[in-house]
Amino acid sequence: MSNVGQQLVSGALSGFATTICLQPFDLLKTRLQQGDGSLRLQNPQSSIVLHTARDVVSQHGLKGLWRGTLPSLVRNVPGVAMYMTSLTQLRTVMAQSPYFAVVKRHPSALPANKNSSVLPTLSSQGNLLAGATTRVTVGFLLNPFSVLKARFESNIYVYQSFSGAFVSIVRQGPSELFRGFLPSSLRDAPYAGLFIVLYERIKRETSYLMPATSSSHAALIHSMSAASAGAIATLATHPFDVIKTKMQVRTEDRYHGFLRTIHTIWRQRGVVGYFDGASLRLSRKILSSAIGWAVYEGVLMFMRTS
């Protein structure tokens with residue numbers, strides 16, 4: 001199998017694993033962010049999360065927490081495969097450029113350890129540019145499925161089937177298919193750029209302190225590095241996730257348009273409104289980063305050594 005084929009398979013398995021394991025976090029986050037007005041201002045977010053989860057389970061059973069899994073898989077499996085493969089290929093090309101390649105100042109600057117990583121090494125600027133560019137491009141291509149995913153997770157829409165829901169959105173035209181793309185880009189570009197920079201830096205420093213001696217040790221380093229990077233990048237970009245969800249699931253005029261949605265949230269909820277569902281997204285991103293990148297690099301290592 002070619003390198004690109006290996007990367008696509010590894011990315012698809014990564015997207016599948018994170019989606020199946022973590023769909024309840026996405027569903028509950030969407031439910032918290034979909035609200036309109038100053039509801040539940042006096043309640044701590046932790047109690048709102050538990051109350052929302054109990055409502056879902058009481059109405060639909062435990063399987064209700066996995067509502068929207070099909071559109072999530074349709075969005076995330078090819079999305080993660082395309083993102084990670086494109087990112088790896090772009091970083092491979094950029095690594096040949098003197099502007100983005102890492103300069104070895106000492107012979108031991110980059111340890112030659114077959115267990116440490118199989119990904120190209122770039123400067124921080126290169127990682128930032130590669131992550132942001134790839135994430136926004138893939139996000140644009142798959143934005144219609146992001147809209148579908150958000151609406152399936154919301155309880156505002158009552159779709160009977162995946163195909164029927166997709167057809168109904170397509171019939172509304174391009175404006176509906178690409179609704180929420182601007183805030184998604186403003187969330188994804190800095191998130192992906194920051195994540196790659198932090199992930200590679202944390203992974204590199206951790207590998208210096210505790211060189212990977214086995215594939216399981218390497219997987220632990222990749223998971224810890226990705227979880228730490230995901231937490232920091234998530235907190236920095238969460239307000240755009242709230243704006244994106246409002247634009248994709250609410251039908252009122254006050255949520256049509258990026259600036260109008262920002263104004264509506266500010267008027268109704270103030271600063272706190274931009275952080276609805278932050279704990280759920282943070283938990284989800286930490287776990288998905290840890291699982292996803294460990295699976296991606298682990299599968300690549302396995303296929304290349306086999």
Side-chain angles (χ1 to χ4, degrees), residues 12-37 39-40 43 45-81 139 142-172 176-181 183-184 187-188 234 238 241-252 255 275-289 291-292:
L13 289 173
S14 173
F16 181 83
T18 54
T19 299
I20 294 297
C21 294
L22 304 175
Q23 178 60 25
F25 288 91
D26 272 348
L27 181 134
L28 294 174
K29 176 182 71 69
T30 298
R31 295 290 174 93
L32 260 66
Q33 293 177 346
Q34 72 180 17
D36 178 45
L39 301 177
R40 304 174 301 194
N43 297 327
Q45 195 168 96
S46 58
S47 66
I48 299 173
V49 172
L50 291 175
H51 178 73
T52 304
R54 282 198 298 266
D55 281 350
V56 173
V57 172
S58 65
Q59 293 178 29
H60 307 288
L62 281 175
K63 67 177 183 179
L65 294 172
W66 273 265
R67 176 177 167 81
T69 298
L70 178 57
S72 292
L73 287 172
V74 172
R75 165 63 179 82
N76 292 339
V77 171
V80 174
L142 296 175
N143 194 79
F145 296 106
S146 296
V147 175
L148 192 60
K149 174 182 179 296
R151 293 185 178 181
F152 255 97
E153 292 167 353
S154 168
N155 60 2
I156 296 176
Y157 299 82
V158 185
Y159 292 129
Q160 300 301 317
S161 68
F162 174 81
S163 58
F166 184 69
V167 169
S168 71
I169 293 175
V170 170
R171 285 175 176 170
Q172 295 177 62
E176 203 69 14
L177 288 170
F178 292 95
R179 193 167 177 181
F181 174 67
S184 292
R187 175 199 65 184
D188 290 345
T234 295
H238 187 75
D241 187 69
V242 177
I243 297 166
K244 182 269 304 179
T245 300
K246 299 278 193 188
M247 290 180 66
Q248 288 182 341
V249 303
R250 302 298 310 191
T251 58
E252 298 88 347
Y255 293 110
F275 290 90
D276 285 342
S279 60
L280 284 166
R281 182 168 178 253
L282 182 61
S283 301
R284 202 268 185 207
K285 283 294 185 183
I286 290 174
L287 292 171
S288 68
S289 298
I291 295 170

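All residue numbers refer to positions in the sequence shown, counting from 1. Model, not experiment: these values are computed from the prediction.
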With rounding to the nearest 0.5 Å, note down the distance linking [atom1] in [X] to [atom2] in [Y].
| X | Y | atom1 | atom2 | value |
| --- | --- | --- | --- | --- |
| Gln23 | Leu70 | CD | CG | 10.0 Å |
| Glu252 | Lys246 | CD | NZ | 9.5 Å |
| Arg151 | Thr251 | CZ | OG1 | 8.5 Å |
| Asn155 | Arg67 | CG | CZ | 8.5 Å |
| Arg31 | Leu28 | CZ | CG | 8.0 Å |
| Leu22 | Lys285 | CG | NZ | 10.5 Å |

Legend entry - Derivation and outcome, side chain to side chain contact (heavy atoms under 4.5 Å, CB included), residues Ile169 and Arg179: CA-CA 10 Å; Ile169 293 175; Arg179 193 167 177 181; over 6 Å; no
Does the side chain of [X] reach to within under 4.5 Å of the side chain of [Y], using non-hydrogen atoms?
| X | Y | result |
| --- | --- | --- |
| Arg250 | Ile156 | yes |
| Phe16 | Leu73 | yes |
| Leu287 | Phe25 | yes |
| Leu177 | Val147 | no |
| Thr19 | Arg75 | no |

Work out which heavy atom in [X] is nearest to a heavy atom in [Y]; give both atom names and the distance.
| X | Y | value |
| --- | --- | --- |
| Gly180 | Lys244 | O-CG, 3.6 Å |
| Ala12 | Ala81 | N-CB, 3.6 Å |
| Leu142 | Pro78 | CD1-C, 4.4 Å |
| Ser146 | Gln248 | O-OE1, 3.7 Å |
| Thr18 | Ser288 | CG2-O, 3.5 Å |
| Val77 | Gly15 | CG2-C, 4.2 Å |

Legend entry - Flag, side chain of Arg281 to backbone of Lys29, donor-acceptor distance under 3.5 Å: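 Between the backbone of Lys29 and the side chain of Arg281 there is no qualifying donor-acceptor contact (under 3.5 Å).
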Inset, instruction - Keeping the roles fixed (side chain from Tyr255, backbone from Val249), state whether a donor-acceptor pair exists under 3.5 Å. - result: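 No, because the side chain of Tyr255 does not come within donor-acceptor range (under 3.5 Å) of the backbone of Val249.
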Inset, instruction - Classify the ring geometry between Phe152 and Tyr159 as parallel (under 30°), tilted (30 to 60°) or perpendicular (over 60°). - result: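 Ring orientation of Phe152 relative to Tyr159: tilted.
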Legend entry - Trace of the side chain to side chain contact (heavy atoms under 4.5 Å, CB included) decision for Phe162 with Val74: CA-CA 10 Å; Phe162 174 81; Val74 172; 3.9 Å; yes
Legend entry - Partner residues of Arg284 under the salt bridge (charged side-chain N to carboxylate O under 4.0 Å, His left out) criterion, sequence neighbours left out: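 By the salt bridge (charged side-chain N to carboxylate O under 4.0 Å, His left out) rule, Arg284 matches Asp26.
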Inset, instruction - Tell me, please, which residues at least two apart from Asp188 pass side chain to side chain donor-acceptor pair (under 3.5 Å). - result: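 Expected list: none.
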Inset, instruction - State which residues pass side chain to side chain donor-acceptor pair (under 3.5 Å) with Thr30; sequence neighbours excluded, sorted by chain then number. - result: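 Residues passing side chain to side chain donor-acceptor pair (under 3.5 Å) with Thr30: Glu153.
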Inset, instruction - Show the numbers, then the answer: is there a side chain to side chain contact (heavy atoms under 4.5 Å, CB included) between Leu280 and Leu32? - result: CA-CA 9 Å; Leu280 284 166; Leu32 260 66; 4.2 Å; yes
Legend entry - Crowding at CZ, Phe178 (>12 non-hydrogen neighbours, <6.0 Å):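 Yes, the 6.0 Å shell around CZ holds more than 12 heavy atoms from other groups.
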Legend entry - CA sep, side-chain torsions, deciding dist, call: His238, Asp241, side chain to side chain contact (heavy atoms under 4.5 Å, CB included): CA-CA 5 Å; His238 187 75; Asp241 187 69; 4.1 Å; yes
